[in-house]
Amino acid sequence: MKNAGYERLMVDVLDGAADAEMVVRLAAALANDPEARAQFENARAGARALEDLGLDEMPEDLRRQIHRAVREASGPRGARRPWLMSFRAMP
């Protein structure tokens, strides 16, 4: 799974924002890509662990720490970072 579009699909499916066509598209991609399937299962396990904590929103100090770490690890402004799309989707 080299396509960043599938990562976005994973996020949408896990967040419940995906429509039926998106779910089918992701399922087809995962059926043909064991690496992507493992990535999705890890993300699903993480999402479940977060749900089990019972937090409705991410604590503000954690959000700031994540944003700072992403900025520091991202390199120069304007560089292409497809993985960043999953953070932009966060409320």
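Note that the structure is predicted; figures quoted are calculated from it, not measured. The residues of the chain are indexed from 1 along the displayed sequence.
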If you measure from the Lys or Arg side-chain nitrogens to the Asp or Glu carboxylate oxygens, is any gap between D33 and R37 under 4.0 Å? no

Euclidean distance, M22 CE relative to D12 CG, rounded to 0.5 Å: 4.0 Å

Check side chain to side chain contact (heavy atoms under 4.5 Å, CB included) between N42 and all other residues, then give those that pass, not counting sequence neighbours. none

Please examine the side chains of Q65 and R68, heavy atoms only from C-beta on, and report whether any two atoms are closer than 4.5 Å. yes

Have a look at L30 and tell me which of R25, M10, Q39, E35 forms a side chain to side chain contact (heavy atoms under 4.5 Å, CB included) with it. M10

Tested for side chain to side chain contact (heavy atoms under 4.5 Å, CB included) against V11, the lone hit among L14, V13, D15 is D15

Cluster question for you: counting only ILVMFWY and a side-chain heavy-atom cut-off of under 4.5 Å, with indirect links fine, are L26 and V24 together? no

Any pair counted as salt bridge (charged side-chain N to carboxylate O under 4.0 Å, His left out), so long as it reaches residues 42-52, sequence neighbours left out: E41-R44

